[in-house]
Amino acid sequence: MKVKICGQTSVEDCAMSLAHGADYLGVVVDVPWTPRSLTVDQAKGIFEKFRPKTFMLTFNRQVDEAYLSAVEKLNPLALQLTGHETPETAGLARASAGRAVYKSIHLPPSGEGDVDVASIQSRMEEYAKAGIDGFILDTSSAGMFGGTGKKSDWGLAARIVAVSPLPVFLAGGINPDNVAEAVKVPGISGIDLASGVEEEKGKKSEAKVARLFSTIAETLKAGR
């Protein structure tokens, strides 16, 4: 079970997250609607120090000269496309940037709205054919596509994971209080969270991070 701590904004929080057991870090780059966003220059120190562990997150970016320049400057482990990027755009990012690409698939908060699993499966298959590496199942709400702090329907998520052609990380509203439930969702490759371990937006809480990993370890040990 892999764990990605996303929305990182400082070298100190990255080091703390890894020290407690995070497998991956996520840094949001040039996304104006989130307070966790950094410019390329602001993010550079994080990527220089933690490059083998760090994903670069963008939103609705075209794979153009500016995008590829940002990838070249930061040299991330992987790219995460968090918006409405098409399979063609995702495939172009994979081919042009030469990095693993993960595509966010957005679900409504639990109890809000209907979801067509067959339609999502069809979209996933299109992305897989385009050459990407995996998916992040995340919650969108009130104009935010990630970092909402809201859960989706994890029973529904399990149904989507079951038909996915590629590995899937579960995201959206995961925190130390519900992570035991999250890691039991069948078939997921890992979990991905940001706001659930913050003391304020963009600032991680070491106490919450420590409790998160303690609960994960206890849950996985009990399930053996």
Side-chain angles (χ1 to χ4, degrees), residues 1-39 42-43 45-47 49-50 53-61 74 76-83 102-110 134-152 154 157 168-183 185 188-216:
M1 179 67 60
K2 301 295 185 182
V3 179
K4 176 165 159 279
I5 305 293
C6 208
Q8 299 283 355
T9 62
S10 71
V11 167
E12 293 76 16
D13 280 355
C14 288
M16 180 270 291
S17 299
L18 292 172
H20 282 285
D23 298 286
Y24 303 113
L25 309 166
V27 178
V28 182
V29 177
D30 290 336
V31 180
W33 51 261
T34 171
R36 303 176 185 90
S37 182
L38 303 179
T39 66
Q42 289 171 332
I46 293 175
F47 282 91
K49 192 168 182 64
F50 305 108
K53 300 283 188 177
T54 309
F55 285 52
M56 170 181 155
L57 280 70
T58 56
F59 179 80
N60 284 357
R61 290 281 297 274
L74 297 177
L77 169 70
L79 307 175
Q80 184 176 335
L81 309 181
T82 68
Y102 286 75
K103 180 69 185 77
S104 294
I105 300 293
H106 302 111
L107 302 177
S110 183
F135 299 104
I136 313 287
L137 276 185
D138 207 347
T139 308
S140 63
S141 178
M144 293 183 67
F145 295 83
T148 64
K150 295 184 178 183
K151 288 176 54 180
S152 63
W154 288 350
V168 179
F169 276 63
L170 179 68
I174 300 172
N175 59 55
D177 293 325
N178 64 24
V179 71
E181 177 189 357
V183 299
V185 173
I188 60 171
S189 297
I191 59 170
D192 188 353
L193 64 158
S195 62
V197 287
E198 289 181 332
E199 58 185 47
E200 59 186 67
K201 289 188 185 296
K203 173 63 179 172
K204 299 295 184 265
S205 162
E206 184 162 15
K208 290 181 180 180
V209 171
R211 188 156 65 90
L212 179 91
F213 282 101
S214 174
T215 302
I216 291 172

Item to check | Chi angles and distances behind the side-chain contact (heavy atoms from CB on, under 4.5 Å) call for Arg36, Cys6 | outcome: CA-CA 9 Å; Arg36 303 176 185 90; Cys6 208; over 6 Å; no
Item to check | Intermediate values then yes/no, side-chain contact (heavy atoms from CB on, under 4.5 Å), Val28 and Thr82 | outcome: CA-CA 10 Å; Val28 182; Thr82 68; over 6 Å; no
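For the pair Val31/Leu57, no side-chain contact is recorded, criterion being any heavy-atom separation below 4.5 Å from C-beta on. The shortest distance between side-chain heavy atoms of Leu193 and Leu212 falls below 4.5 Å. Residues Leu107 and Thr139 fail the side-chain proximity criterion, which asks for heavy atoms closer than 4.5 Å. Between Phe169 and Asp138 there is no side-chain heavy-atom pair separated by less than 4.5 Å.
Residues passing the salt bridge (charged side-chain N to carboxylate O under 4.0 Å, His left out) test with Glu206, sequence neighbours excluded: none. Contacts of Thr54 classified as side-chain hydrogen bond (donor to acceptor under 3.5 Å, both in side chains), with partners at least two apart in sequence or in another chain: none. Taking Lys203 as the reference, Asp13 meet the side-chain hydrogen bond (donor to acceptor under 3.5 Å, both in side chains) condition, with sequence neighbours excluded. Every residue meeting the side-chain contact (heavy atoms from CB on, under 4.5 Å) condition with Ala207, not counting sequence neighbours, appears here in chain and number order: Ser205. Taking the salt bridge (charged side-chain N to carboxylate O under 4.0 Å, His left out) definition, one finds that Arg211 meets it with Asp177, sequence neighbours left out. The side-chain contact (heavy atoms from CB on, under 4.5 Å) check on Val185 picks up Trp154, Ala158, Leu170, Ile188, with sequence neighbours excluded. Gln80 meets the side-chain hydrogen bond (donor to acceptor under 3.5 Å, both in side chains) test with Lys4, Ser104; sequence neighbours excluded. For the side-chain hydrogen bond (donor to acceptor under 3.5 Å, both in side chains) test, no residue two or more places apart in sequence or in another chain qualifies with Glu199.
Summarising the geometry of Met1 relative to Val183, their closest heavy-atom pair is CE-O, 3.5 Å, with the distance given to 0.1 Å. Taking every heavy atom of both residues into account, Ser37 and Val29 meet most closely at OG-C, 3.9 Å. The shortest non-hydrogen separation linking Gln8 to Ser17 is NE2-OG, 3.1 Å. Of all non-hydrogen atoms in Ala43 and Val27, the two that sit nearest each other are CB-CG1, 4.0 Å. Closest non-hydrogen pair, Gly196 versus Pro176, comes out as O-CD, 3.3 Å. Scanning both residues, Ser10 and Ile46, for their nearest heavy atoms gives N-CD1, 3.7 Å.
Proximity of a side-chain donor or acceptor of Lys204 to a complementary backbone N or O of Gly7 within less than 3.5 Å is detected. Put simply, the side chain of Gln42 gets close to the backbone of Thr39: a donor and an acceptor are under 3.5 Å apart. Side chain of Lys103 to backbone of Gly83: a donor-acceptor contact under 3.5 angstrom is found. One N or O on the side chain of Lys208 and one on the backbone of Glu198 form a donor-acceptor pair closer than 3.5 Å.
Rounded to the nearest 0.5 angstrom, Ser152 OG and His106 NE2 are separated by 11.5 Å. Atoms NZ and CG, on Lys151 and Asn175 in that order, are 9.0 Å from each other to the nearest 0.5 Å. Rounding to the nearest 0.5 Å places SG of Cys14 at 9.0 Å from CD of Glu12. Taking CD1 of Ile174 as the reference point, atom CG of Asp192 lies at 7.5 Å (rounded to 0.5 Å). In this structure, the separation between OH on Tyr102 and CG on Leu81 is 12.0 Å, given to the nearest 0.5 Å.
Each side chain to side chain donor-acceptor pair (under 3.5 Å) pair with one or both residues in residues 22-32, not counting sequence neighbours, would appear here, but there are none.
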